[in-house]
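What follows is a short report on a single structure.
Proteins come first, then strands; the chains are lettered A, B, ... in the order of their sequence lines, and each starts at number 1.
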Amino acid sequence: MIDPKLLREDPDRVRESQRRRGASVELVDQVLAADERRRSSIATFEQLRSEQKALSKQIPRAQGEEKQALLARTKELAAQVKVAEASQAEAGREYDRLILELDNLVEPDVPLGGEDDYVVLEEVGHLRDFAAEGFEPRDHVELGKVLGAIDVERGAKVSGARFYYLTGVGALLEMALANMAIDQATAYGFTPMIPPALVKPQAMEGTGYLGQAAEDVYRLERDDLYLVGTSEVPLAAYHMEEILDGELPRRYAAFSPCFRREAGSYGKDTRGIIRVHWFDKVEMFSFCHPDDAAAEHRRLLAWEREFWDKLEVPYRVIDTAAGDLGASAARKFDIEAWIPTQGRYREVTSTSNCTDFQARRLSIRFREEEGIRHVATLNGTLVAMARAIVAILENHQEPDGGVSVPKALQPFLGGRGRLEPLA
RNA sequence: GGAGGCGUCGCCUAGUCCGGUCUAUGGCGCCCGCCUGCUAAGCGGGUUGAGGGUUCAUCCCCUCUCGCGGGUUCAAAUCCCGCCGCCUCCGCCA
């Protein structure tokens, strides 16, 4: 949720942000109108209520006719108060509903445009020339078979399309990546976490995933719970309705499963484990001072880059355009790893600065001298297992289908330097 | 899932039976001041959060806030109903 005071005082800034996102500009005026109605109904209610309370206090001391008169008057007032209260509550709900629809304010430097209008900030690493090396690269599905690492057929048999098993070295690879990621995060002072993957509506709503993104979320109707699409959700909600004491930032790194319906992605990435309904991830999350948020965002990106540097996979960093930001994000950087058999870069991490947008919805605050403020929340992927495994297998493959293990990962794989093809 | 107990302003706690003087008691902690070679002690004051009005801002005024949501009543921490959470016991269970 955006700052209601800012909306009131500088609505043009909000309009501009909505425009850059390609979101509704008209919504801004709807919210402002709802705010007017809300405030006037509050004034009406409070005035009546105040009068009622004042008279009501005189009743115990009053006697006889005077008391009867007071009772009659307060009874009448009580009825009016009830009506005023109801209309005040209704105006409040309408205002809340509308203001929650407004997306976060886009940072000024965010590129204009939609999905394809990102700006490439940097390309890192060298693309292998397989032709020069004299062999045709296999894709991760083939490599997964050769290594006994990925079983998509049985995934489909048991759970349906877009499910898979990680087997043998595939399973080991996931755990190694998870440990390497947690290891790095812990070294930088993150608190390791294993959060719940099922959350209440409030947590989902608070992180901004029940808006446009709702179609992509699994819901357990019987229990009114949601399967999280990212551990950003339980991590952000961890401090919901709290006033944080002590130092900021507070940084957490969570290992957790992620579930996505992938609604509307029919036909896209149907082969392999690039786009799946479930994968595991290690995610960084930071609750920080709002004035430090942009700098913290850069730090998260730097930690992501460090991790991917260690995997020795070529990648590029992109600055996502305004039209492609999630509702909560003011700015988003993605790391895209090179996938040789696709001849293009694919998203493997994403870091968003949500400023105080989620913190307002979740009511997460901190104290400073000037008073109480909402924190900023930021999230960033260290490693999403399925896609990381794809990137490692494809980029480090050898002519026989074996895969060399990047040095930094070796200690987490029992020291092995190479994944061997099955006989 | 069943039975019982509990939920008060950071923590502990009074108040709930019997509705109004509760603008919620007291202690601890914390903050400010006084006193004092320093510290401690002592003394005085302050200390939930949200919203609205007013204001350049502060001050101030008002409303809401005793787990959450309804209801009864002129009036609810207090009475009634529903829900949630925690604890104890039973059942089930990795």
Q: Decide salt bridge (charged side-chain N to carboxylate O under 4.0 Å, His left out) for A/E85 and A/R49; before the verdict, give the C-alpha distance in whole Å, the side-chain angles of both, and the deciding distance to 0.1 Å.
A: CA-CA 9 Å; A/E85 185 172 25; A/R49 176 69 177 150; over 6 Å; no

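Closest to the A/R8 side chain, of the nucleotides B/A50, B/A75, B/G52, is B/G52. With B/G52, B/A50, B/G20 as the choices, the nucleotide that has an atom nearest any side-chain atom of A/P60 turns out to be B/G20. Comparing B/C62, B/C74, B/G49 by their nearest atom to the side chain of A/S50 picks out B/C62. Distance from the side chain of A/K82 is smallest for B/U72 among the nucleotides B/G52, B/U72, B/G49. Taking the side chain of A/S56 as heavy atoms from C-beta on, and the options B/U72, B/A75, B/G49, the nearest nucleotide is B/A75. Nearest to the side chain of A/R49, among B/G52, B/C64, B/G49, sits B/C64.
Comparing A/E9 and A/D35 by the nucleotide of RNA chain B that holds the closest heavy atom to each, the one mapping nearer the 5' end is A/D35. Nearer to the 5' terminus of RNA chain B, by closest-nucleotide assignment, is the contact made by A/R38 (compared with the other of A/R38 and A/Q52).
Counting non-hydrogen atoms under 4.0 angstrom, A/I372 reaches the backbone sugars and phosphates but no base. At the heavy-atom level, A/A43 lies nowhere under 4.0 Å from the strands shown. A/K57 comes within 4.0 angstrom of no nucleic acid atom, judged by non-hydrogen atoms across all strands. Contact annotation for A/I42: backbone-only contact, meaning every heavy-atom pair under 4.0 Å involves sugar-phosphate atoms and none involves a base.
Taking the six-membered ring where tryptophan is involved, the planes of A/H277 and A/Y218 are perpendicular, since the angle between them exceeds 60° and thus also 30°. Using a 30° and 60° split on the angle between ring planes, A/F190 and A/W303 fall in the perpendicular class, above 60°.
With a cut-off of 3.5 Å on both pairing distances, B/C93 has no Watson-Crick or G-U wobble partner at all. Using N1 to N3 plus N6-O4 or O6-N4 for Watson-Crick, or N1-O2 and O6-N3 for G-U wobble, each under 3.5 Å, B/U39 pairs with nothing. Nucleotide B/A3 forms a pair with B/U88, judged by Watson-Crick or G-U wobble geometry with both contacts under 3.5 Å. Nucleotide B/C60: paired with B/G53 (Watson-Crick or G-U wobble, both distances less than 3.5 Å). Of the nucleotides present, none pairs with B/A76 by Watson-Crick or G-U wobble criteria with both distances under 3.5 Å.
Geometrically, A/R154 does not engage A/Y165 in a cation-pi contact, judged by NZ or CZ lying under 6.0 Å from the ring centre and within 45° of the ring axis.
When the P atom of B/C62 is taken as reference, atom CZ of A/R39 falls 21 Å away, rounded to whole Å.
A/R367 has a side-chain polar atom (N or O) that falls below the 4.0 Å cut-off from OP1 or OP2 of B/G49. Taking 4.0 angstrom as the limit, A/K53 places none of its side-chain polar atoms (N or O) nearer than this to OP1 or OP2 of B/C62.
For B/G53, its base never sits under 3.5 Å from the side chain of A/E46 at any donor and acceptor pair.
Results of the side chain to side chain donor-acceptor pair (under 3.5 Å) test with A/R331 over A/D319, A/N104, A/N353 single out A/D319 as the only residue that passes.
Taking atom P in both B/G10 and B/U73, one finds a spacing of 34 Å when rounded to whole Å.
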